[in-house]
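A note on names: the letters A, B, ... follow the listed sequences, proteins ahead of strands, and every chain is numbered from 1.
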Number of protein chains: 2
Amino acid sequence: MKSGQVTIKDLARELNISAATVSRALKDHPDISKSTKKAVISLAEKLNYQPNSVAQSLRHSKTNTIGIIVPEIIHYFFSSVISGIEDVAYTEGYNVMICQSNEKIEREIANTKALLSNRVDGFLVSISKSTQNFDHLQNILNRNVPLVFFDRICTNINTHSVSVEDYEGAYKATSHLIEIGCKKIAHLSGPQNLLISYNRQKGYHDALIQNNLPIQDDWILVADSLEQGFKSAKKLVNLPKAERPDAIFAVNDITAVGAMKALKECGLKIPEDIAIIGFSDDQKLAPLLEPPLSSVAQPGFEIGQEAIKLFLKEISKPERDGVFEKKVLKTELIIRESTRKNKD
Amino acid sequence: MKSGQVTIKDLARELNISAATVSRALKDHPDISKSTKKAVISLAEKLNYQPNSVAQSLRHSKTNTIGIIVPEIIHYFFSSVISGIEDVAYTEGYNVMICQSNEKIEREIANTKALLSNRVDGFLVSISKSTQNFDHLQNILNRNVPLVFFDRICTNINTHSVSVEDYEGAYKATSHLIEIGCKKIAHLSGPQNLLISYNRQKGYHDALIQNNLPIQDDWILVADSLEQGFKSAKKLVNLPKAERPDAIFAVNDITAVGAMKALKECGLKIPEDIAIIGFSDDQKLAPLLEPPLSSVAQPGFEIGQEAIKLFLKEISKPERDGVFEKKVLKTELIIRESTRKNKD
DNA sequence: AGAATAAATGCAATCGATTACGAAGGGTTT
DNA sequence: AAACCCTTCGTAATCGATTGCATTTATTCT
């Protein structure tokens with residue numbers, strides 16, 4: 001009691017029985033008599049006894065804690081995923097330790113080390129933009145700790161993953177732009193080392209090819225922030241009239257917002273002059289813009305749920321068998337005013 | 001090594017020395033010879049030894065983990081706060097366990113229990129809307145565990161807190177509306193049991209009184225979501241012409257957005273017909289709206305930093321002395337188009 | 001009654017790291 | 001040579017909970 005927290009020993013001393021008996025009484029072990037159980041339980045309640053999870057974790061080599069590493073919580077998408085994870089974790093009796101890499105690999109490495117040290121039972125990770133070396137992640141698996149990637153998965157490492165149909169989503173978005181009559185479609189692409197960027201760009205690319213539309217290198221710009229979206233859109237607008245795109249497919253919503261801002265500033269009308277579509281469908285943003293932004297919805301909450309479910313399934317196996325599941329969730333094209341031309 | 005994790009015993013066995021010596025060698029204890037230290041450290045590096053924090057926590061009765069309870073991570077404000085906490089936690093060698101109450105007291109109680117069981121070194125809490133009983137929070141203090149409230153603080157419990165000048169912020173916002181010529185100012189208020197709602201409403205109230213403007217009961221509606229903001233604004237618009245407000249001060253940005261949506265739908269111009277201002281200044285929202293929304297900025301990141309700093313200061317005390325600090329941070333009036341009338 | 005069985009509880013080791021205390025070995029002092 | 005010291009390391013207890021095994025006591029059987 002000195003530290004303010006009641007222990008099993010305190011209960012034992014008070015009742016003049018051994019700690020072992022208290023432990024067994026608390027978990028309703030059949031060896032213990034009813035009267036003893038009653039006494040123990042009532043004293044435990046009286047003193048508001050809370051078992052020390054740290055000791056239990058040590059004893060069982062199981063912490064009931066999951067480590068999460070995300071680039072930044074602040075993004076709607078990642079906090080949705082975290083909510084999804086927490087939702088399942090809560091009902092399954094798990095706690096979560098959340099770390100942010102802030103898009104820096106050094107921080108990601110430090111986070112990995114800290115979580116390993118804390119003996120989390122598993123990792124749910126979305127890698128940072130700057131993660132090009134994967135030793136720290138491989139290290140997790142080498143220690144026999146389950147690892148599930150979500151969204152920004154890492155193909156160099158063979159493990160579970162949950163992602164969305166980035167290629168198909170991008171293909172749908174681009175096709176949609178084509179259907180509403182756009183012929184000169186630009187793409188604001190994400191960090192080139194991320195698979196999601198690659199896939200989205202490929203979906204865009206293939207949709208154009210399939211529709212016999214031109215691929216033009218200066219219509220493909222790397223931009224994945226509001227500021228970069230703004231700058232890139234300015235560049236696009238300043239192209240010679242004939243080369244100016246009539247639509248933009250942005251790798252995510254915030255980049256689309258930056259582009260929209262630039263377009264408006266240039267006096268261009270959305271979608272009449274230039275249509276625009278994003279990716280992710282940030283619920284707290286896309287529908288509230290002027291005009292409301294079309295986007296490809298990613299089920300963030302569900303991604304989180306699936307990720308932790310894969311983890312739970314993995315630890316329920318008698319041993320690591322090296323069989324990994326790669327879940328790919330569907331995206332949904334959300335059409336709003338930013339791609340709704342009058343003629344439709 | 002069976003579990004995949006190297007322990008101090010593994011190192012000891014390999015080097016034919018005792019675990020105690022390994023432990024001391026790793027922490028550069030003066031009793032250990034240079035040669036032994038070298039051998040231990042090199043083997044530790046070779047086997048990629050990571051100390052088991054669980055064991056260390058048990059030994060030292062200190063987990064180096066902080067428990068955070070927030071209503072919902074998904075809100076920009078709370079994720080900012082969490083980022084601020086994490087920022088300091090990271091440099092100070094702390095990990096964070098984040099729990100969401102989802103605005104439900106039952107969940108908040110369960111979170112408290114789980115974090116106590118995990119023996120977190122301290123709590124940083126922002127209470128839920130439905131928290132009217134505070135036993136679970138008092139219980140934290142009874143166990144001698146430091147507790148810091150932030151934003152949604154709880155006056156029934158005497159402990160550290162970090163909040164912002166809600167009253168002053170609301171007063172400034174309302175005064176600003178008056179300055180731009182509004183005379184019939186409505187208020188969309190938050191949950192009545194939260195202090196922040198009360199203070200914001202009081203700031204609004206006092207600003208009106210001070211300027212000899214009428215307080216009208218049907219101009220004060222409880223609403224703190226997009227949907228409720230929408231509905232409430234509709235009600236305001238449908239008031240008899242003479243009673244229709246010419247400005248709205250909303251308890252937060254998302255409510256303001258709902259109201260804006262309603263106003264636009266009714267064909268009213270912002271700010272010409274009705275000016276509107278929010279609270280919090282959600283960076284990912286307010287500046288991107290049409291028109292950009294004026295708001296009272298709350299420094300979320302800084303709130304987080306201050307909260308954890310109060311915790312760190314508390315645990316650096318030789319013992320709990322019952323002296324508590326109540327930090328109140330400044331807000332800043334951010335004026336954008338939604339309250340910028342032409343005549344100005 | 002003596003033996004066998006069942007019921008209830010305690011002992012001691014364990015998880016991994018730490019640390020007070022003690023001990024061995026080499027060297028120095030008087 | 002006896003007494004002492006310093007360096008270096010090991011022993012054992014500890015943190016709190018758990019659990020295989022042993023022990024005690026009560027009960028039943030033959």
Side-chain angles (χ1 to χ4, degrees), chain A residues 1-41 43-44 47-65 116-121 143-144, chain B residues 1-41 43-44 47-65 116-121 143-144:
Chain A
M1 269 278 277
K2 28 190 166 168
S3 78
Q5 299 278 48
V6 184
T7 75
I8 239 172
K9 285 183 194 170
D10 297 319
L11 302 182
R13 195 176 319 116
E14 186 87 5
L15 294 169
N16 263 312
I17 55 179
S18 74
T21 301
V22 174
S23 172
R24 283 189 267 250
L26 287 172
K27 52 180 38 173
D28 204 26
H29 191 288
D31 272 5
I32 306 300
S33 72
K34 290 220 172 79
S35 63
T36 306
K37 280 181 190 168
K38 201 174 290 180
V40 169
I41 291 169
L43 181 64
L47 300 184
N48 205 341
Y49 166 78
Q50 301 275 357
N52 184 328
S53 300
V54 178
Q56 291 177 316
S57 297
L58 180 61
R59 182 67 226 262
H60 293 127
S61 304
K62 184 162 190 315
T63 53
N64 274 284
T65 299
L116 273 176
S117 221
N118 275 282
R119 298 298 190 267
V120 293
D121 295 338
R143 285 161 192 269
N144 248 318
Chain B
M1 266 276 278
K2 30 194 162 154
S3 80
Q5 299 278 49
V6 184
T7 74
I8 240 175
K9 286 184 193 168
D10 296 319
L11 301 183
R13 197 177 317 116
E14 185 87 15
L15 294 169
N16 262 312
I17 56 179
S18 75
T21 302
V22 174
S23 173
R24 283 191 267 250
L26 286 172
K27 53 180 38 173
D28 205 25
H29 191 286
D31 272 6
I32 307 299
S33 72
K34 291 223 171 76
S35 63
T36 304
K37 280 181 189 168
K38 200 175 292 180
V40 170
I41 291 169
L43 182 65
L47 300 185
N48 206 341
Y49 167 77
Q50 301 274 0
N52 185 328
S53 300
V54 178
Q56 291 177 319
S57 297
L58 180 60
R59 183 64 229 260
H60 292 127
S61 305
K62 183 163 192 312
T63 53
N64 274 281
T65 298
L116 273 177
S117 220
N118 275 281
R119 297 296 191 266
V120 293
D121 295 338
R143 283 160 193 271
N144 247 318

Atom-to-atom span, CG of B:Asn16 to C1' of D:dT8 - whole angstrom:
16 Å
Within the pair B:His29 and D:dC9, is there a side-chain N or O less than 4.0 Å away from OP1 or OP2?
no
Measure the distance from NZ on A:Lys62 to P on D:dT19 and round it to the nearest whole Å.
14 Å
A:Leu15 pairs by side chain to side chain contact (heavy atoms under 4.5 Å, CB included) with which of A:Asp10, A:Thr21, A:Val40?
A:Val40
So B:Gln56 and B:Pro51, do their side chains get closer than 4.5 Å, heavy atoms only?
yes
Flag side-chain contact, heavy atom, 4.5 Å: A:Asn52 against A:Thr7:
no
Euclidean distance, atom CG of residue A:Leu15 to atom P of C:dG10 [Å, nearest integer]
10 Å
Which nucleotide wins on minimum distance to the side chain of A:Ser33, given the candidates C:dG16, C:dA8, C:dA13?
C:dA8
Separation of C:dT18 P from B:Lys9 NZ (nearest whole Å)
13 Å
Kindly indicate whether the side chain of B:His29, heavy atoms from C-beta on, has any atom under 4.5 Å from the side chain of B:Lys37.
no
Keeping to residues at least two apart or across chains, list the salt bridge (charged side-chain N to carboxylate O under 4.0 Å, His left out) pairs with something in residues 14-27 of chain B.
none
Nucleotide D:dC15, atom P - distance to NE2 of B:His60 in whole Å
13 Å
CZ/B:Arg119 to OG1/B:Thr65 distance, rounded to the nearest 0.5 angstrom?
13.0 Å
Between C:dG16 and B:Tyr49, is there an OP1 or OP2 to side-chain N/O distance shorter than 4.0 Å?
no
Contact class for A:Asp31 vs. all strands (heavy atom < 4.0 Å): base, sugar-phosphate, or nothing?
base
Check whether any side-chain heavy atom of A:Leu47 lies under 4.5 Å from a side-chain heavy atom of A:Leu11, and answer yes or no.
yes
My understanding is that only one of A:Ile8, A:Thr36, A:Ile32 makes a side chain to side chain contact (heavy atoms under 4.5 Å, CB included) with A:Val22; could you say which?
A:Ile8
Rounded to 10°, tell me the angle between the two end axes of the helix from C:dA1-D:dT30 to C:dT30-D:dA1, each built from five pairs.
70°
Quick check on contacts: within residues 18-28 of chain B, what sits under 4.0 Å from DNA chain D by heavy-atom distance?
B:Ser18, B:Ala20, B:Thr21, B:Arg24
Do any side-chain nitrogens or oxygens of B:Gln56 fall under 4.0 Å of OP1 or OP2 in C:dG16?
no
For the pair made of CG in A:Leu116 and C1' in C:dG16, what is the distance, rounded to whole Å?
16 Å
Atom CD1 of A:Ile32 and atom C1' of C:dT9: how far apart are they, to the nearest Å?
6 Å
Atom CD1 of B:Ile17 and atom C1' of C:dA24: how far apart are they, to the nearest Å?
17 Å
For B:Ile41 and B:Ala25, the nearest pair of non-hydrogen atoms, with its separation, is CD1-O, 4.4 Å
Which is true for B:Thr36 with a 4.0 Å heavy-atom rule: it touches a base, it touches only sugar-phosphate, or it touches nothing?
sugar-phosphate
Determine: side-chain N/O of B:Lys34 to OP1/OP2 of D:dT7, distance under 4.0 Å, yes or no.
no
Answer yes or no: is there a side-chain heavy-atom contact under 4.5 Å between B:Tyr49 and B:Leu43?
no
